[in-house]
Structures are given as structure tokens and as C-alpha cells.
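First listed ligand is number 1; within each ligand, the first listed atom is number 1. The model shown is predicted, which means the values in this text are computed figures rather than measured ones. Residues: numbered from 1 along the sequence shown.
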Amino acid sequence: MTLNIGIALSPTWLRQGAWRRDDSRVEEMFTLAPYRELARQAEEAALDFLFCPEAGYLRLETIDKAPGFATLDSYTLVAALAATTTRIGLVPTIQTVYAHPFPVARSLASLQQISGGRAGWNVVTALGGEENYGLANPPGSAERYARAAEFVSVVTSLWDSFPAEAFVADRASGVFADATRVRSIDFEGEHFQIAGPMALPAHPAGRLPLLQAGASPSGIAFAGSVADAVFGATPELEAAREQRTALREAAVAAGRDAGGIRFLPGLNLVLAATRGEAQDLAEASEVDTPLHWSVIGTPADAADAIEARAAAGAIDGFIALPGGSRKSIDLFLDQVVPLLRQRGLFRDGYQGGTLREHLGLPG
Ligand SMILES: Cc1cc2nc3c(=O)[nH]c(=O)nc-3n(C[C@H](O)[C@H](O)[C@H](O)COP(=O)(O)O)c2cc1C
């Protein structure tokens with residue numbers, strides 16, 4: 001079995017009290033430098049993708065003590081890294097509750113072009129932040145997912161409205177684009193009215209892979225109909241197995257193959273050469289890990305935990321969230337990933353150039 005492996009591009013190594021370490025380089029957290037370095041290391045380890053969450057608002061209650069949701073904007077950061085990397089996939093998070101599909105479709109199509117087919121999109125229905133969009137309350141779950149379904153449908157129609165093959169650029173005949181293949185979409189939905197077409201062609205690599213995060217029955221049904229992969233928060237193995245099964249059933253209910261959707265839970269990793277050191281690191285950094293599956297231990301402990309969940313049918317891969325200190329990133333990429341390779345759980349090097357290829361999706 002080949003796992004799909006991403007790594008979070010948010011500064012997970014500064015979480016809770018870890019930013020206070022002498023070597024945390026917290027002063028650089030709003031510059032490109034630490035993320036460019038993480039991207040380079042992750043690409044050397046041939047990971048599938050960089051995954052950038054996005055909260056879009058700040059929790060005032062905790063900002064005095066820890067960064068919380070204070071981060072660079074997800075899309076902007078990923079777009080900057082498209083220029084500093086060549087192989088690794090790039091997955092920003094963009095919410096569908098307050099955004100508008102036309103600029104989102106355009107931004108992602110542009111990212112797909114400038115990255116040479118390495119872009120993806122983590123579709124979320126927003127954690128919060130309604131106060132920043134003139135609303136007193138967030139819309140209810142059913143409404144958010146109905147809008148998300150329409151949003152994704154219109155974005156994909158816009159991507160298809162100017163297909164890659166329509167960009168001809170034939171100097172001899174003077175044909176720039178095959179106008180018969182570029183079409184308006186004239187979309188009239190419940191939430192959006194958009195004529196189109198998209199103002200740039202699709203990339204020949206094909207449609208951007210869609211990730212999704214949301215765990216309610218509506219979220220799972222939505223993922224079943226559109227997502228290629230799902231980011232989850234499942235601390236316990238049994239919960240992970242149940243969510244993976246529910247997602248596979250939702251894909252089948254939506255007329256897709258069960259294997260067309262991959263479950264990739266978050267994996268907190270606080271790593272050190274010995275278990276004792278890892279425990280000390282977790283304690284010193286006040287790392288608190290209730291939300292996600294967690295390993296506090298050695299690289300071998302992490303590889304064992306990953307192998308056990310894969311063998312139990314609980315995961316198709318994971319998104320690494322290294323914490324405690326930057327050392328956890330180094331140990332994950334330099335030691336855990338090679339151990340997974342030795343155990344036949346991860347491919348050797350890149351076998352393609354696009355995110356679709358890294359994820360094993362049909363072209
Ligand atoms: C593991 C996980 C990660 C999430 N990451 C984000 C995120 O980065 N940004 C965001 O706005 N919402 C994020 N969400 C929130 C979801 O988009 C969604 O609003 C929330 O989970 C409620 O939907 P649900 O009831 O289907 O779970 C995340 C949710 C989960 C479960």
C-alpha cells in the first residue's frame with residue numbers, strides 16, 4: 001500500500017508554548033523564510049503536498065499567550081512557494097461560506113498554471129469569522145454545505161469553460177484561442193449567477209485535486225460527492241476507521257469508486273531521539289494534542305503507529321503536524337519517511353510532476 005503524505009505549512013512547531021524556545025525563530029513567522037525551508041525539506045523527502053490551513057480570523061482570548069490563528073494568508077503563502085519549489089504539491093485552504101467562486105476559480109487556475117500542475121484546493125465551510133463579513137451568526141450546517149456544493153460545481157465549470165486544448169497560440173494561422181471551445185457557463189443557481197468563461201485556460205495537468213475538511217454527516221456526504229481526499233481529526237484508531245468507511249460509502253452513494261476518496265487525518269508528531277526526550281519536549285512546549293492523532297516518541301514509534309493504522313484500514317495517508325520544536329520536522333522528514341519507505345508504505349522519490357500524479361489520480 002502506498003500512503004499519501006502531506007505536511008502542514010502552518011507554523012505547527014510554534015504551537016502552544018513552543019514559540020518561546022530559544023531556537024524557535026518566532027520572529028520570522030510572518031516572513032517567507034521558515035516556510036521556504038520547510039517546503040525545500042519536504043520536497044527533498046518527496047512528500048506529496050504542502051497543506052496550508054486557513055482560519056481567516058483571530059481569537060482575541062488567546063493572542064496574548066500563543067500565535068493561535070495568527071498566520072500568513074494560506075493562498076498567498078502557497079503561491080509564493082510555487083516559485084521556490086518544482087515538484088511538491090501545493091494545497092491552500094479556501095472557505096466557501098463568505099468567498100465568491102469567480103475569484104477563487106481564477107486564483108486556483110492561476111496557481112495551477114504557475115506551479116505546472118501542482119495545485120490543489122482544500123475546500124472548507126469555515127471555522128468562523130462571520131463577524132468579518134458583516135454577519136452576526138454563521139449560516140447553519142445545511143445551508144453552508146448547500147452553498148459549498150454549488151460553489152464547487154461552479155468553480156469546476158469555470159475551470160472547464162476554457163479547456164487547455166483551446167489555447168492554440170498558432171502564429172502561422174493567427175489563431176490565439178479556439179473560440180469554439182471556450183464557452184460561457186451562464187450559471188444561474190440558488191447562491192450564484194455567473195456567466196463566465198474563465199479568463200485563463202486550464203492547465204493540461206487536468207483538474208486540481210480537491211481536499212475537504214468537515215466531519216458531520218453533511219460534510220461527509222459533500223466529501224463523498226466532490227473530494228479526492230479528506231483531512232480529518234481522529235485521535236482514536238476506531239474513529240479513524242469509521243470515518244474512512246463513512247467516506248468510502250459516501251463516495252459510492254455519489255456514484256464514485258470507494259477508492260476514489262482518501263482519508264488523511266492530521267498526525268501531531270513530537271519527536272526526539274528517545275521517548276523521554278520527546279516527553280520532555282512536549283511538556284516544555286506545553287504541547288496539548290487532544291484534537292488530532294498524536295505520537296510523542298521516537299521516529300520508530302511514529303513509523304510503527306502509522307503502519308498500525310494503515311494495516312487496520314484506518315487511513316490512506318496523513319498530514320503531518322510536527323510540533324514541540326523544528327527538530328520534529330527534521331526527524332519526521334529525515335527518519336520517519338525513510339522508515340515508511342523501507343516498510344513499503346511510501347513510494348521512492350517522485351514518479352510524476354503534478355499533484356494528480358502524486359496522489360495517484362487518473363489524468
Ligand atoms: C480536521 C479539520 C480541519 C479543518 N480545517 C479548517 C480550516 O483550515 N479552515 C476553516 O475555515 N475551517 C476548517 N475546518 C472546519 C470545517 O470547514 C467545517 O466548517 C467544520 O468542521 C464544521 O463542519 P462539519 O460540521 O461538517 O464538521 C476544519 C475541520 C476539520 C474537521
Side-chain angles (χ1 to χ4, degrees), residues 4 6-12 15 35 49-59 67-78 90-100 104 108 120-133 135 137-152 155 210-236 239-240 242-244 246-247 249-250 254 261-269 289-294 309 314-321 323:
N4 290 134
I7 188 166
L9 201 54
S10 51
T12 50
R15 267 185 324 220
Y35 312 100
F49 59 95
L50 300 165
F51 176 82
C52 197
E54 168 71 19
Y57 67 101
L58 192 65
R59 283 208 176 108
F69 290 160
T71 55
L72 289 171
D73 169 67
S74 170
Y75 179 82
T76 310
L77 175 56
V78 165
L90 303 160
V91 183
T93 297
I94 302 179
Q95 50 80 17
T96 56
V97 184
Y98 312 111
H100 189 279
V104 170
L108 290 168
W121 172 24
N122 181 35
V123 183
V124 296
T125 58
L127 283 168
E130 60 280 357
E131 65 282 8
N132 298 325
Y133 297 90
L135 296 177
N137 295 299
S141 177
E143 195 187 332
R144 280 185 298 130
Y145 279 106
R147 182 182 159 108
E150 195 174 305
F151 198 115
V152 169
V155 166
L210 300 184
L211 276 76
Q212 189 266 357
S216 61
S218 325
I220 286 177
F222 172 61
S225 64
V226 304
D228 298 299
V230 168
F231 176 50
T234 45
E236 304 303 329
E242 280 167 21
Q243 189 166 342
R244 180 169 179 265
L247 287 165
E249 287 170 1
I261 190 161
R262 289 112 215 269
F263 182 51
L264 313 177
L267 171 54
N268 282 315
L269 293 163
T289 53
L291 182 62
H292 288 285
W293 170 28
S294 299
R309 287 214 179 187
I315 59 169
D316 298 291
F318 60 91
I319 296 182
L321 313 168

Shortest non-hydrogen contact from [X] toward [Y]:
X	Y	value
L264	A229	CD1-CB, 3.8 Å
W293	P265	CE3-CG, 4.1 Å
N132	G56	ND2-O, 3.5 Å
E236	R309	C-NH2, 3.5 Å
Y98	G128	CE1-O, 3.9 Å

So which protein heavy atom does [atom] come closest to, and at what separation?
atom	value
atom 18 (C) of ligand 1	T125 OG1, 3.4 Å
atom 21 (O) of ligand 1	G214 CA, 3.8 Å
atom 6 (C) of ligand 1	V124 CG1, 3.9 Å
atom 24 (P) of ligand 1	S216 OG, 3.4 Å
atom 12 (N) of ligand 1	L127 CG, 3.2 Å

If we only count N/O pairs under 3.5 Å, is [X] in contact with ligand 1?
X	answer
H292	no
P53	no
R144	yes
N122	no
A233	no
A215	yes

Reported CD-to-CH2 distance for the pair Q212 and W121, which is rounded to 0.5 angstrom: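 Answer for the CD-CH2 pair, Q212 versus W121, is 11.0 Å.
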
Once you round to the nearest 0.5 Å, how far does SG of C52 lie from CG of N122?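 CG of N122 is found 9.5 Å from SG of C52.
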
What do you reckon, is CD of E130 surrounded by more than 12 foreign heavy atoms closer than 6.0 Å?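 Yes, CD of E130 has more than 12 neighbouring heavy atoms, counting only those of other groups under 6.0 Å.
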
Just to check, does [X] reach to within less than 4.0 Å of ligand 1 when the distance is taken from its heavy atoms?
X	value
S141	no
G232	yes
G266	no

Do H292 and F318 have ring centroids that are under 6.0 Å from one another?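 Between F318 and H292, the centre distance exceeds or equals 6.0 Å.
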
Pick from L90, L9, L211, V78: which one makes a side-chain contact (heavy atoms from CB on, under 4.5 Å) with F51?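 Output: one option passes, namely L211.
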
Best match, A213, P92, S74: closest heavy atom to atom 29 (C) of ligand 1: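 Shortest heavy-atom distance from atom 29 (C) of ligand 1: A213.
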
NZ/NE/NH1/NH2 to OD/OE distance under 4.0 Å, D228 and R262: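 Between R262 and D228 there is no salt bridge, as every charged N stays at least 4.0 Å from the carboxylate O atoms.
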
Per-residue contact class, E54 against ligand 1 - non-hydrogen pairs under 4.0 Å: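 Near ligand 1, E54 shows its backbone, while the atoms from C-beta on stay back.
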
Only heavy atoms of Y145, strictly under 4.0 Å: list the atoms of ligand 1 that pass.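 Atoms satisfying the 4.0 Å criterion: 23 (O), 24 (P), 26 (O).
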
Please identify which atoms of ligand 1 are closer than 4.0 Å to at least one heavy atom of F231.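 This gives 1 (C), 3 (C) as the contact atoms.
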
So does T93 get a backbone contact from the side chain of E54, meaning a donor-acceptor N/O pair under 3.5 Å?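 Side chain of E54 to backbone of T93: no pair is present.
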
Atom 2 (C) of ligand 1: protein heavy atom closer than 4.0 Å?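 Under 4.0 Å from atom 2 (C) of ligand 1, at least one protein heavy atom found.
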
